[in-house]
Amino acid sequence: MSSRSRVAVVTESNKGIGFAIVRDLCKKFSGDVILTSRNPTLGQEAVKKLNPLFHQLDITDPQSIRTLRGFLKERYGGVDVLINNAGMAFKIADTTPSPIQAEVTMQTNFFGTRAVSAELLPLIKPQGRVVNVSSMMSVLSLKKCSPELQQIFRSDTITEEELVGLMKKFVEDAKNGVHQKEGWPNTAYGVSKIGVTVLSRIHARQLNEQRKADNILLNACCPGWVRTDMAGPKAPKSVKEGVETPVYLALLPPGVTEPHGQFVSEKKVEKG
Ligand code: NDP
């Protein structure tokens, strides 16, 4: 396994922060960097601008994730760096009914990230690094949850099944128009990112329990408010600045033991 090339994978990286992470890793990571995109045409166009490898990946399509998994296993015997960057947000002006927005946002940001993790975490090699791109919105949205929900999300013993149940409940509550009455904040994006942040803590705990000696470090992070198609031109950070924290976490040197299971912003652990 260790004799093969090292490999870093960035989900949905044909543009925005993901593309800039690939660009940075092409310079700084010693090994192959794989740019992925759900749309092969957009992916191939992005690849022409850099020099990474390309693989199709749609994080909402289980077969697409399994195909990538098979490729990584066969060609590299595992994964050294995984950056779960893929994510989406509806624009404020979007007229899609809010129950559908809740469902689509949750399916992509939380369930898509979870599906990729389920397939690729078992492939992470010793000293591997996993970065889940969450958002400061997860911290802000958590503070707006009911005290009961906050307690559950902050618990050190919350299980993945409990978290999945709560993310599904949010979507159901949103569909029934009762999410705020049920203690949720009025933001599907924020709740989906709470899911990503808490999932990261759970996965880090599982790594401690099952593969402690492998010293894999897994963290969630916020890139900051970055000028991309998602955040728009008024955001204060350039994409170059936005990738600093994710790339820092992806390249934590061998032997380092922290951060792990944390939410990191501006390269510092943030206590939610
Ligand atoms: P962009 O919108 O610029 O890029 C998002 C990427 O995700 C694109 O490759 C896009 O592919 C893909 N994508 C978009 N919608 C979907 C979908 N429905 N299903 C699957 N893939 C999709 O976003 P950013 O670069 O700004 O965001 C990257 C990550 O950073 C996200 O997780 C975001 O939540 C997070 N983030 C961003 C912040 C910011 O200020 N920009 C702040 C905090 C967090 P395609 O080209 O095919 O649409």
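Positions are given from 1, in the same order as the sequence printed here. One-based numbering, in listed order, for ligands and for the atoms of each.
- Using 4.0 Å as the threshold, Ala20 has no heavy atom nearer than that to any atom of ligand 1.
- When hydrogens are left out, the protein atom nearest atom 35 (C) of ligand 1 is Val133 CG1, 3.7 Å; that is the closest non-hydrogen contact.
- Asp229 and Lys15 are joined by a salt bridge, as a carboxylate oxygen and a charged side-chain nitrogen come within less than 4.0 angstrom of each other.
- Under the side chain to side chain contact (heavy atoms under 4.5 Å, CB included) rule, Leu53 has a single partner from Val22, Asp32, Val47, Val33, which is Asp32.
- In the displayed structure, Lys91 atom NZ is contacted under 6.0 Å by more than 12 heavy atoms of other residues, nucleotides or ligands.
- Using a 4.0 Å cut-off to heavy atoms of Ala231, the atoms of ligand 1 that qualify are 39 (C), 40 (O), 41 (N).
- Taking the centre and axis of the six-membered ring of Phe19, the NZ or CZ atom of Lys49 falls inside the cone set by 45° and 6.0 Å.
- Residue-ligand proximity, Gly16 to ligand 1, at heavy-atom distances under 4.0 Å covers atoms 3 (O), 25 (O).
- Looking at every heavy atom in both residues, Leu218 comes nearest to His260 through N-ND1, 3.0 Å.
- At least one heavy atom of Gly224 lies less than 4.0 angstrom from ligand 1.
- Between the side chains of Ser141 and Thr187, not a single donor N or O lies within less than 3.5 Å of an accepting N or O.
- Where the criterion is an N or O separation shorter than 3.5 Å, residue side chain and backbone included, Asp58 fails it with respect to ligand 1.
- Between the side chains of Thr36 and Glu12, no donor-acceptor pair of N or O atoms lies under 3.5 Å.
- Closest approach of Val196 and Phe110 over heavy atoms only: N-CD1, 3.9 Å.
- Between the side chains of His179 and Asn186, at least one donor N or O sits under 3.5 Å from an acceptor N or O.
- With respect to atom 5 (C) of ligand 1, the closest heavy atom belonging to the protein is Gly87 O, 3.8 Å.
- Of the polar atoms of Thr228, at least one N or O is found under 3.5 Å from an N or O of ligand 1, judged by distance alone.
- Ligand 1 has no atom lying under 4.0 Å from any heavy atom of Ser37.
- Each of Asp24, Leu35, Ile83 was compared with Val10 under the side chain to side chain contact (heavy atoms under 4.5 Å, CB included) criterion, and only Ile83 meets it.
- Shown in contact with Ser135 at under 4.0 Å from a heavy atom are these atoms of ligand 1, numbered in order with element: 43 (C), 44 (C).
- Within the listing of ligand 1, atoms 40 (O) sit less than 4.0 angstrom from a heavy atom of Trp225.
- For the residue pair Pro40 and Gln56, the shortest heavy atom distance occurs at CG-CG, 4.0 Å.
- At least one N or O atom of Lys193, backbone or side chain, sits closer than 3.5 Å to an N or O atom of ligand 1.
- When only non-hydrogen protein atoms are considered, atom 44 (C) of ligand 1 lies nearest to Ser134 O, 3.2 Å.
- Using a 4.0 Å cut-off between heavy atoms, Ala89 makes no contact with ligand 1 at all.
- Judged by the shortest distance from any of its heavy atoms, Tyr189 lies inside the 4.0 Å radius around the atoms of ligand 1.
- There is no side-chain donor-acceptor pair under 3.5 Å between Ser37 and Asn39.
- Using a 4.0 Å heavy-atom cutoff, Lys237 is absent from the residues neighbouring ligand 1.
- In this structure, the protein non-hydrogen atom closest to atom 4 (O) of ligand 1 is Lys15 CE, 3.7 Å.
- In this structure, atom 37 (C) of ligand 1 lies nearest to the protein heavy atom Ile17 CD1, 3.7 Å.
- Counting only non-hydrogen atoms, the option in Val243, Leu42, Asn85 that gets closest to atom 28 (C) of ligand 1 is Asn85.
- Of all protein heavy atoms, the one closest to atom 47 (O) of ligand 1 is Arg38 NE, 2.9 Å.
- Short contacts between ligand 1 and Asp229, defined as distances under 4.0 Å to a heavy atom of the residue, involve ligand atoms 3 (O).
- Considering all non-hydrogen atoms of both residues, Ser192 and Asn109 come closest at OG-ND2, 3.1 Å.
- Remark: ligand 1 and Asn14 share an N or O pair separated by less than 3.5 Å (distance only, no angle test).
- Closest approach of Pro246 to Ile21, counting heavy atoms only: CB-CD1, 3.8 Å.
- Contacts between Met137 and ligand 1, counted as non-hydrogen atom pairs separated by less than 4.0 Å, are absent for every part of the residue.
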Set out, in order, the CA-CA distance, both residues' side-chain angles and the distance that settles side-chain contact (heavy atoms from CB on, under 4.5 Å) for Phe71 and Tyr76, then state yes or no. CA-CA 8 Å; Phe71 166 78; Tyr76 299 97; 4.1 Å; yes

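- The closest approach between a heavy atom of Ala86 and any atom of ligand 1 is below 4.0 Å.
- Counting protein heavy atoms only, atom 12 (C) of ligand 1 is closest to Glu12 OE1, 3.6 Å.
- With respect to the salt-bridge test (charged N to carboxylate O, under 4.0 angstrom), the residues Lys73 and Glu119 do not qualify.
- Atom 27 (O) of ligand 1 has Met230 CE, 3.9 Å as its closest protein atom, hydrogens excluded (heavy atom only).
- Counting atoms of ligand 1 from 1 in the listed order, those under 4.0 Å from a heavy atom of Thr108 are 17 (C), 18 (N), 19 (N), 20 (C).
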